[in-house]
Amino acid sequence: MIDIRVLRDNPDLVRASQRARGDDEGLVDQILAADEARRSSLGEFEALRSKQKSVSKNVGAVMGRLAKAKKTGDGDLTAMEADAETARTEASTLGARVKELEQAADDQGATFERLLRKVGNVILDGVPSGGEDDFTVLEHVGEPTTFDFEPLDHLALGEKLGAIDMERGAKVGGARFYFLTGVGARLELAMLNMAVAQAVEYGFTPMITPTLVKPEIMDGTGYLDAHEDVYHLPTDDLYLVGTSEVALAGYHKDEIIDLTAGPRRYAGWSTCYRREAGSHGKDTRGIIRVHQFQKVEMFVYCKPEDAVDEHQRLLGWEREMLAKMELPYRIIDTAAGDLGGSAARKFDCEAWVPTQERYRELTSTSNCTTYQARRLGTRYRTESGKTDTVATLNGTLATTRWIVAILENHQQADGSVRVPKALQPFLGLEVLEPLA
RNA sequence: GGAGGCGUCGCCUAGUCUGGUUUAUGGCGCCCGCCUGCUAAGCGGGUUUGGGGCUAAAACCCCAUCGAGGGUUCAAAUCCCUCCGCCUCCGCCA
């Protein structure tokens with residue numbers, strides 16, 4: 001949710017952002033009107049409530065005097081009874097009106113919030129306008145891998161190595177499920193362990209997180225807006241997370257956290273679940289696009305003014321991981337329309353996949369500024385002692401999909417796969433050899 | 001799954017039975033000031049959060065907030081209902 005003050009003070013900024021995203025600009029004026037309506041309605045209600053309270057309080061005072069008089073036998077009991085009754089009636093009349101005004105104020109407030117929540121995060125300077133294909137390429141790192149033999153794709157390699165079993169995955173879980181077997185399982189664990197080791201080295205707190213979350217947590221992160229891609233368990237009204245970002249964003253919900261020692265950095269390890277609705281027929285081969293995978297994810301809470309720098313740091317840590325895996329890749333600045341509601345800017349690192357002859361996303365780092373945190377009520381104490389909403393950011397350190405790039409880029413003519421140097425200590429192997 | 005207990009403004013805690021004169025008590029912690037050669041002690045004051053109004057910004061005023069949401073009532077921390085969480089015991093299972 002964006003800050004209503006930003007929208008009030010600088011509606012043009014929000015209009016421009018909406019335009020870049022290809023979203024409705026008219027929402028801005030609707031919200032301004034709803035904000036006006038809500039505030040005046042609230043003022044009316046509160047004024048009358050205040051009056052009703054004071055009248056009602058007077059009843060209490062009269063009742064107190066009456067009780068005392070009854071004890072001592074002094075004073076005009078009948079007159080006092082009458083006073084109390086008059087006040088009671090007046091308060092009762094006011095009470096009915098107050099109830100109406102309260103309902104009206106609640107309705108206006110709900111309308112306002114519903115509209116405000118429709119607005120995506122205000123994009124940052126430099127984010128390209130447009131949709132999925134309108135990204136800017138920021139940098140190429142390394143050269144696309146070339147071979148003096150016909151390279152195999154990751155699934156062919158995975159089967160040769162006894163690393164990936166899609167057929168049995170489909171038997172057990174259906175399409176887009178798989179088993180990682182033998183060196184495949186070891187490879188994934190080694191990679192994720194390496195990611196955690198790097199995170200720890202840079203001061204992150206490793207976290208193993210819930211993968212089922214309550215609706216308000218899923219909603220707070222903004223993922224419920226794209227709910228068709230989220231698994232839901234109706235019996236328990238719980239959602240399966242698509243990333244540990246969800247749980248880590250919920251971790252400090254409704255808290256005022258201490259940021260005086262710097263950003264809070266967490267590295268979440270979790271299984272991730274995605275329905276992949278709307279991608280039927282896309283990436284049906286292998287483990288590029290699956291319903292369930294594992295990921296180590298960085299998640300940061302920091303002061304809003306530090307978010308842009310922190311975003312660069314997250315990108316840097318992703319680059320370090322990709323370098324250790326010895327993969328060629330490019331970095332893109334995702335276009336506004338492809339950001340998702342919560343992000344104000346998103347950088348993806350896409351690794352070269354030789355058999356597809358194109359770059360595929362391996363990491364994604366988003367600066368959500370205060371958008372998620374405002375919904376989740378996560379704040380910090382400023383120098384002046386006030387509370388203010390924190391900024392949240394996230395970025396990928398490793399996922400199951402990386403196996404695709406590792407196998408394909410490091411394959412050798414005999415069907416074996418060279419293990420990147422940095423990964424060797426975690427895997428305990430220098431080469432993955434095909435099964436006999 | 002069954003029975004019982006509990007949830008109060010950072011932490012602890014009074015208040016709940018018996019609704020009202022309560023701006024929700026007191027202590028600890030923290031902040032500011034006084035005192036002090038320094039520190040401690042002592043003394044005085046402040047210290048939930050969100051929203052609205054007035055402001056250049058404050059001060060200030062108002063509304064809400066006693067786990068959450070409803071209800072009863074002129075009036076709810078207090079009475080009623082639903083839900084959530086924690087604890088104890090029993091049962092079942094790993």
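A, B, ... follow the sequence lines: proteins, then strands. Residue 1 opens every chain.
- A distance of about 28 Å separates the C1' atoms of C81(B) and C90(B), rounded to the whole Å.
- Nucleotides U82(B) and U72(B) are separated by 15 Å at their C1' atoms, to the nearest Å.
- Nearest-nucleotide positions on RNA chain B for Lys51(A) and Gly385(A) put Gly385(A) closer to the 5' end.
- Under the 3.5 Å distance criterion, with hydrogens and angles disregarded, a donor-acceptor pair is assigned to the side chains of Thr400(A) and Glu188(A).
- Across U49(B), C74(B), G52(B), the shortest atom-to-atom separation from the side chain of Glu46(A) is found for G52(B).
- Checking the phosphate oxygens (OP1, OP2) of C62(B), no side-chain nitrogen or oxygen of Lys53(A) falls inside 4.0 Å.
- C38(B) makes up no base pair with any nucleotide shown, lacking Watson-Crick or G-U wobble contacts both under 3.5 Å.
- Using a 4.0 Å heavy-atom criterion, one finds that Thr89(A) contacts no nucleic acid atom at all.
- No side-chain donor-acceptor contact under 3.5 Å links Asp388(A) and Thr382(A).
- Using atom P as the reference point in both U39(B) and C30(B), the two lie 15 Å apart (nearest Å).
- Summary of the strand contacts: Gln52(A) and Lys99(A) both lie near RNA chain B, and taking for each the nucleotide with the nearest heavy atom, the more 5' one is attributed to Lys99(A).
- If you check every strand for non-hydrogen atoms under 4.0 Å, Glu90(A) touches nothing.
- Taking the C1' atom of each, C35(B) and G45(B) are spaced 15 Å apart, rounded to whole Å.
- Regarding Arg374(A), its CZ atom lies at a distance of 14 Å from the C1' atom of G50(B), rounded to whole Å.
- The same atom, C1', is picked in C66(B) and in U23(B); the two are 15 Å apart, to the nearest Å.
- Between Arg379(A) and G50(B), a side-chain N or O to OP1/OP2 separation shorter than 4.0 Å is present.
- Checked for salt-bridge contact, Arg8(A) and Asp35(A) meet the test: a charged N lies under 4.0 Å from a carboxylate O.
- Comparing G51(B), U23(B), C63(B) by their nearest atom to the side chain of Leu42(A) picks out G51(B).
- We find that CZ of Phe45(A) is positioned 7 Å from P of A64(B), with the value rounded to whole Å.
- Put simply, Ser50(A) has no side-chain N or O that comes within less than 4.0 Å of OP1 or OP2 on C62(B).
- We find that CG of Asp254(A) is positioned 17 Å from P of U65(B), with the value rounded to whole Å.
- Taking atom CD1 on Ile256(A) and atom P on U47(B), their separation rounds to 16 Å, with Å as the unit.
- Arg360(A) and Glu350(A) are not joined by a salt bridge, as no carboxylate oxygen comes within less than 4.0 angstrom of a charged side-chain nitrogen.
- Between the Ser17(A) side chain and the Ile123(A) main chain, a donor and an acceptor come within less than 3.5 Å of each other.
- Rounded to whole angstrom, the span from the CG atom of Asp258(A) across to the C1' atom of G29(B) amounts to 15 Å.
- Under a 4.0 Å N-O distance rule, the pair Arg49(A)/Glu102(A) qualifies as a salt bridge.
- If you check U23(B), C74(B), G51(B) against the side chain of Arg38(A), the one that comes closest is G51(B).
- Between Gln103(A) atom CD and G69(B) atom P the separation is 15 Å, expressed in whole Å.
- Pairing of G50(B), defined by two Watson-Crick or G-U wobble distances under 3.5 Å, is identified with C63(B).
- For G10(B), the paired base is C28(B) (Watson-Crick or G-U wobble, both distances below 3.5 Å).
- Applying the side-chain hydrogen bond (donor to acceptor under 3.5 Å, both in side chains) test to pairs two or more places apart or on separate chains, those with a residue in residues 197-207 of chain A are Gln198(A)-Lys324(A), Tyr202(A)-Glu320(A).
- For A14(B) and U8(B), the P atoms lie 11 Å apart once the distance is rounded to whole Å.
- Listed candidates were A64(B), G53(B), G50(B). Nearest to the side chain of Arg49(A) is A64(B).
- Between Arg381(A) and C31(B) there is no side-chain polar atom (N or O) within less than 4.0 angstrom of OP1 or OP2.
- Distance NE2 (His252(A)) to C1' (U49(B)): 18 Å, rounded to an integer number of Å.
- U82(B) is paired with A68(B) under the Watson-Crick or G-U wobble criterion, all donor-acceptor distances under 3.5 Å.
- Across the strands present, C17(B) finds no partner; the criterion is a Watson-Crick or G-U wobble pair with both atom distances under 3.5 angstrom.
- Remark: Gln294(A) CD to Thr271(A) OG1 distance equals 4.0 Å, nearest 0.5 Å.
- For Ser56(A), taking side-chain heavy atoms from C-beta onward, the closest of the listed nucleotides C63(B), G51(B), C74(B) is C74(B).
- Comparing U73(B) with C80(B), their C1' atoms are spaced 12 Å from each other, to the whole Å.
- Remark: Ser92(A) is not in phosphate contact with U73(B), judged by side-chain N or O atoms under 4.0 Å from OP1 or OP2.
- Rounded to whole Å, atom P of G53(B) lies 18 Å from atom CG of Leu48(A).
- One finds a side-chain N or O of Arg39(A) lying less than 4.0 angstrom from the OP1 or OP2 phosphate oxygen of G53(B).
- Between the P atoms of A41(B) and C28(B), the separation comes to 11 Å (whole Å).
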